[in-house]
Trainee: 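Please find one structure pasted underneath; my questions will follow.
A note on names: the letters A, B, ... follow the listed sequences, proteins ahead of strands, and every chain is numbered from 1.
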2 protein chains.
Amino acid sequence: MNNLLKNKKISETPFRLEVLSIFNNYKNAIPLSVIEKDLKSYNRITLYRTIKVFLGKGIIHEITISGEDSNYAICEEDCGTNTHTHNHNHIHFKCNNCGIITCVELEKYPKISLPNYKINQLEIQASGVCSTCNQ
Amino acid sequence: MNNLLKNKKISETPFRLEVLSIFNNYKNAIPLSVIEKDLKSYNRITLYRTIKVFLGKGIIHEITISGEDSNYAICEEDCGTNTHTHNHNHIHFKCNNCGIITCVELEKYPKISLPNYKINQLEIQASGVCSTCNQ
DNA sequence: TAATTAATGCAACACCGTTGTAATAAATTA
DNA sequence: TAATTTATTACAACGGTGTTGCATTAATTA
């Protein structure tokens, strides 16, 4: 995890390391605005490009929920190296109370079969009240 | 379906009727670009506002898939009157071959339970090859 | 350390969606 | 149906978001 960038064969720069460390400071998914806020010195364009590179290398994945800003979260070890082969065993949960979006692991991931369809990938987004707020 | 607008208690205007008829011409979800293309005379701003009103009244729903333009599809009869209570028994399927996004009904919709979580809503997005292309 | 390759950041731009407002059309009331 | 009220349309203008070209600077390689 410390030499993640070198493993992914991209240059290790202070900016990228700082973005990575911000991701690691949160257990949940975060939007660009959080990254911008946390960066010591931040350049809009460099951040966009960094996010694109991280997405392309499978370092992070994007969570797109209707009506929300895009959120980003660190990928698990076994994620693919690009967005198409990217695969995970978790769902994306949006808490309507605290607003936080998290990746939640499922023991048994639902299977869906549609006659005549070939299903390659499932993305499941749930919303409700998270375990922290639900007390 | 013909007096949909009046049922929803919004004014019936030529523009809105034309947008509605475009939705009815497609069995699948469509992005704004398709609506723009099909409108005889189209005003960008009015279209945005029309879509917003349709969304708010539960006439259409938005399908947001990572990396795609937003798509819109006519809601079923039993959809709620706003986006929050909006509920459906279908998943959103993106065909990687033809690119078309459809709402596909499921006989048995998967249930997901997470310890300590309260799940109000599920949005399921699948991708692969649709029944038309898969032949 | 020198040469090569890649990342950064500035300027400038295009696109997307929104807002204020005047004109116009639809709905309501008498 | 005509007059009034209410809502919609469309123009002008704007702000935000994401992108590209390019010169500078930093990281990697030999």
Trainee: Would one find a side-chain N or O of Lys52(B) under 4.0 angstrom from OP1 or OP2 of dG17(C)?
Mentor: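 The answer is no; no side-chain N or O of Lys52(B) sits under 4.0 Å from OP1 or OP2.
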Trainee: Rounded to whole Å, how long is the line connecting atom CD of Glu18(A) with atom C1' of dA7(C)?
Mentor: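 Between C1' of dA7(C) and CD of Glu18(A): 15 Å.
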Trainee: For Lys8(A) and dA7(C), what is the distance between atoms NZ and P respectively, to the nearest whole Å?
Mentor: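 The distance from NZ of Lys8(A) to P of dA7(C) comes to 16 Å, rounded to the nearest Å.
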Trainee: Would you kindly give the CG-to-P distance between Leu20(A) and dA7(C), to the nearest whole Å?
Mentor: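 Between P of dA7(C) and CG of Leu20(A): 14 Å.
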Trainee: For the hydrophobic clusters of this structure (ILVMFWY residues joined by side-chain heavy atoms under 4.5 Å, transitively), does one cluster hold both Val19(A) and Ile45(A)?
Mentor: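 Looking at the clustering, Ile45(A) is in a separate group from Val19(A).
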Trainee: Has Asn96(A) got more than 12 heavy atoms of other residues, nucleotides or ligands less than 6.0 Å from its CG?
Mentor: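 More than 12 within 6.0 Å, yes.
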Trainee: Are His61(A) and His92(A) close enough that some pair of their side-chain heavy atoms sits under 4.5 Å apart?
Mentor: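 In short, these two side chains touch, coming nearer than 4.5 Å.
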Trainee: Please confirm whether the backbone N or O of Thr46(A) pairs with a side-chain atom of Asn43(A), one donor and one acceptor, at under 3.5 Å?
Mentor: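 Yes, the answer is positive, given that a donor and an acceptor are paired below the 3.5 Å cut-off.
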Trainee: In degrees, rounded to 10°, what is the bend between the two ends of the helix from dT1(C)-dA30(D) to dA30(C)-dT1(D), using five pairs at each?
Mentor: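 Taking five pairs per end, the axes differ by 50°.
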Trainee: Which distance, rounded to the nearest 0.5 Å, do you find between the NZ of Lys9(B) and the CG of Asn7(B)?
Mentor: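 Reported to 0.5 Å precision, the distance equals 8.0 Å.
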Trainee: Between Ile51(B) (CD1) and dC16(C) (P), how many Å, whole number?
Mentor: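 The answer, rounded to whole Å, is 15 Å.
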Trainee: Starting from the 5' end of DNA chain C, give me the residue, Ser11(A) or Leu32(B), whose nearest nucleotide shows up first.
Mentor: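 Result of the comparison: Ser11(A).
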Trainee: How close do Tyr109(A) and Leu122(A) get, counting heavy atoms only, and between which atoms?
Mentor: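 Result for this residue pair: OH-O, 3.2 Å.
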Trainee: Taking the side chain as every heavy atom from C-beta outward, state whether Ile74(B) and Tyr26(B) have any atom pair closer than 4.5 Å.
Mentor: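 No. Closest side-chain heavy atoms not under 4.5 Å.
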Trainee: All N/O contacts under 3.5 Å from nucleotides 9-13 of chain C to the protein, with atom names and distances to one decimal?
Mentor:
unit_1, atom_1, unit_2, atom_2, d
dG9(C), OP2, Thr46(A), OG1, 3.0
dG9(C), N7, Arg49(A), NH2, 3.2
dG9(C), O6, Arg49(A), NH2, 2.2
dC10(C), OP2, Asn43(A), ND2, 3.4

Trainee: Output yes when a side-chain donor or acceptor of Asn89(B) lies under 3.5 Å from a complementary backbone atom of Glu105(B), and no otherwise.
Mentor: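 No, the answer is negative, given that no donor and acceptor are paired below the 3.5 Å cut-off.
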Trainee: With the side chain counted from C-beta on, respond yes when Cys98(B) and Thr132(B) share a heavy-atom pair under 4.5 Å apart, and no when they do not.
Mentor: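 The answer is no; the side chains never approach within 4.5 Å.
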Trainee: Would you indicate which nucleotide in dG17(C), dA26(C), dT8(C) comes nearest to any side-chain atom of Thr50(A)?
Mentor: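 Minimum distance to the Thr50(A) side chain belongs to dT8(C).
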Trainee: Are the side chains of Cys103(A) and Ile63(A) in contact, using a 4.5 Å heavy-atom criterion?
Mentor: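 A side-chain contact exists here, since the closest heavy-atom pair is under 4.5 Å.
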Trainee: Whole angstroms only, please: what is the CG-P distance between Leu17(B) and dA25(C)?
Mentor: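 Whole-Å distance recorded here is 16 Å.
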Trainee: Answer yes or no: is there a side-chain heavy-atom contact under 4.5 Å between Ile59(B) and Leu20(B)?
Mentor: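 Contact flag for Ile59(B)/Leu20(B) side chains = yes.
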Trainee: Reading DNA chain D 5' to 3', which nucleotide is the first, and which the last, to come under 4.0 Å of any heavy atom in chain B?
Mentor: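 Reading along DNA chain D, I get dA7(D) to dA13(D).
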